[in-house]
Number of protein chains: 2
Amino acid sequence: MNVPRLVDHDQRRAELGEAAIRVILREGLAGVTVRGVAAEAGWSTGSLRHYFRNQHELQAYVVQATTDTLRRRVLPRAQRPRTQGSVVEQIASIVEEMLPLDDERREEYALWSAVVEWERQHPPEGGSVAWNDQRALHRQCIAALRGYEPVREPSQAMLPHPDAQVELWAALLHTFVDGLASQIMNTPGQVSAGTAAQLLRSLLEAVPRGPLDDESGRDRP
Amino acid sequence: MNVPRLVDHDQRRAELGEAAIRVILREGLAGVTVRGVAAEAGWSTGSLRHYFRNQHELQAYVVQATTDTLRRRVLPRAQRPRTQGSVVEQIASIVEEMLPLDDERREEYALWSAVVEWERQHPPEGGSVAWNDQRALHRQCIAALRGYEPVREPSQAMLPHPDAQVELWAALLHTFVDGLASQIMNTPGQVSAGTAAQLLRSLLEAVPRGPLDDESGRDRP
DNA sequence: CTTAAACTAGCACATGCGTGTTAGTATGTG
DNA sequence: CACATACTAACACGCATGTGCTAGTTTAAG
């Protein structure tokens, strides 16, 4: 039987995905058009459409690829051990990985925004992936701030923490960080990276310490 | 001398502005196209372009009109006196006027978003009007929470408060409220109006009370 | 080498956009 | 009534988009 050239579809889609991510960084999710991505990848639209039947499929794939990329890049960075500075300083440096404070993280934030935009237009059934990931991260941070050991299995952080104060302050911090990121991007003239970092630390200082925490009075005489 | 029919340009522009606001509510600022607004108003594009030379002029006018409308609608509502409930409850009900908790305020939030989007693309020289208005509101709220009398002149609230803690917590609250609004709109499945209201109250409870406040221990036995 | 299948490149069509132009209409003064 | 002017409606052009279609090219089995 005759068999023609075979192409690894998954690999071609991945190539297209990378081109599409570059387009998102330049023009946002709305710029992810069939023509635009094909041009960015150096293909013709006809070729592209052998791997994505229409724009919707293309965007859906790109959003999925973006989510995976972000999870691989940001979450591990937030989990790398930090030994310097006070507890607040350590937690702050973790949370800052989610904030658009420099070019690299501004790019990542633009990618998160594209995911959020897509999820707003096409609500996923199991709830927002991006939101749940970020909530888990903040939950871990607040738990650490209150003296709890980090969980071993990352999947455990997806579940509510038994300490209700951890849940509450994780929500407060998560909301605050979202607002901080949004203000840095939308009104950079009013909120600089420096003020954002300061505000973050002020909020963390206000988190009530847990009964297990032995550093509550650390900086006081 | 012959004088043809005269039309009140300002009034026509205002008519167009109202149509454009309806378009923003339906499709966002990007939906404010010459054709789209003309159709919404029941005009032809040719007529519309006698009052707005191009799309930029149209959008600039609409953003200005929207800002004015919002200032007239939201700010006074936040200033109406509240006598029931604890201080936290009173402040919460003021701040909630800024949150997209019901259909009316969701509409207003969509309009604010359009203003922010415009200001991001065309940064105003004196800083973001929307941002400064909101910061002043939150400053007033925190000041009240710490026992200060409300200022007489609304323009005074645009200046920093002498109490540094007021400035700090106004910034924290402002950021938090922005995040809350963004989460309600972007991930409504995760953050409902009810949880948002609860989170707001939890944050307000955490604001340190000022030396002038005589209600600090109000709810304690 | 032949050939069937997979792939590629490009074109065509319909739609929607901003904007410029132009013919036609309404209106108030003379 | 006549007319100059403001206004209205419609069209035309160029551009970008999504999507369907088709002729040509590559590849590997027979």
Side-chain angles (χ1 to χ4, degrees), chain A residues 1-65 114 117-118 121-122, chain B residues 1-65 114 117-118 121-122:
Chain A
M1 186 171 57
N2 289 334
V3 169
R5 164 171 60 164
L6 59 133
V7 170
D8 185 339
H9 277 223
D10 285 343
Q11 192 205 318
R12 306 307 290 269
R13 288 160 103 100
E15 265 181 60
L16 264 306
E18 287 174 24
I21 284 181
R22 291 195 297 274
V23 173
I24 290 181
L25 292 177
R26 219 171 42 232
E27 310 169 46
L29 183 61
V32 177
T33 66
V34 175
R35 280 176 167 79
V37 173
E40 175 71 32
W43 296 12
S44 71
T45 68
S47 305
L48 183 147
R49 295 184 68 250
H50 271 265
Y51 303 101
F52 301 101
R53 267 202 300 269
N54 49 36
Q55 187 181 33
H56 186 271
E57 255 190 27
L58 171 64
Q59 290 192 336
Y61 176 87
V62 171
V63 167
Q64 186 57 54
E117 185 181 339
W118 176 264
Q121 290 164 14
H122 307 87
Chain B
M1 186 170 61
N2 291 331
V3 171
R5 159 173 63 165
L6 59 134
V7 171
D8 184 339
H9 276 224
D10 286 341
Q11 193 206 317
R12 306 307 291 270
R13 288 161 103 100
E15 265 181 61
L16 263 307
E18 286 173 25
I21 283 181
R22 291 195 296 275
V23 173
I24 290 182
L25 292 177
R26 217 171 44 231
E27 311 168 44
L29 182 62
V32 178
T33 65
V34 175
R35 280 175 167 81
V37 173
E40 174 71 31
W43 295 13
S44 72
T45 68
S47 304
L48 184 146
R49 296 185 68 253
H50 272 265
Y51 303 102
F52 301 100
R53 266 203 301 269
N54 49 36
Q55 187 181 33
H56 186 272
E57 256 190 25
L58 170 63
Q59 291 192 337
Y61 176 87
V62 172
V63 166
Q64 186 58 54
E117 187 182 338
W118 175 264
Q121 290 163 14
H122 308 85

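All values reported here derive from a predicted model rather than from experimental measurement. Proteins come first, then strands; the chains are lettered A, B, ... in the order of their sequence lines, and each starts at number 1.
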TODO: At under 4.0 Å between heavy atoms, which parts of nucleotides 17-23 of chain D does protein reach? Answer with one letter per nucleotide, 5' to 3': B base, S sugar-phosphate only, - none.
DONE: BBBB---
Open item on the list: Please report the distance, rounded to the nearest Å, between CG in A:Leu48 and P in C:dG10.
Closed with: 14 Å
Task: Pairs touching residues 18-42 of chain B that satisfy ring-ring contact (aromatic ring centres under 6.0 Å, His included), sequence neighbours left out - done: none
Task: Integer-rounded Å distance: D:dA6 P and B:Tyr51 OH - done: 12 Å
TODO: Apply salt bridge (charged side-chain N to carboxylate O under 4.0 Å, His left out) to A:Glu18 and list each qualifying residue two or more places apart in sequence or on a separate chain.
DONE: none
TODO: Would you please test A:Phe52 and A:Val37 for side-chain contact (heavy atoms from CB on, under 4.5 Å) and show each step?
DONE: CA-CA 11 Å; A:Phe52 301 101; A:Val37 173; over 6 Å; no
- [ ] Not counting sequence neighbours, which residues clear side-chain hydrogen bond (donor to acceptor under 3.5 Å, both in side chains) with B:Glu57? List them please.
- [x] B:Arg53
TODO: Give a yes/no answer on whether the side chain of A:Ser47 brings an N or O atom under 4.0 Å of OP1 or OP2 in C:dA9.
DONE: yes
Task: Under-4.0 Å side-chain N/O to phosphate OP1/OP2 contact, A:His9 with C:dA6 - done: no
- [ ] Could I get the full list of side-chain hydrogen bond (donor to acceptor under 3.5 Å, both in side chains) partners for A:Gln64, not counting sequence neighbours?
- [x] A:Asp68
Open item on the list: Can you list everything that forms a side-chain hydrogen bond (donor to acceptor under 3.5 Å, both in side chains) with A:Glu40? Sequence neighbours excluded, please.
Closed with: A:Arg22, A:Arg26
Task: Distance in angstrom units between B:Arg12 CZ and D:dA9 C1', rounded - done: 13 Å
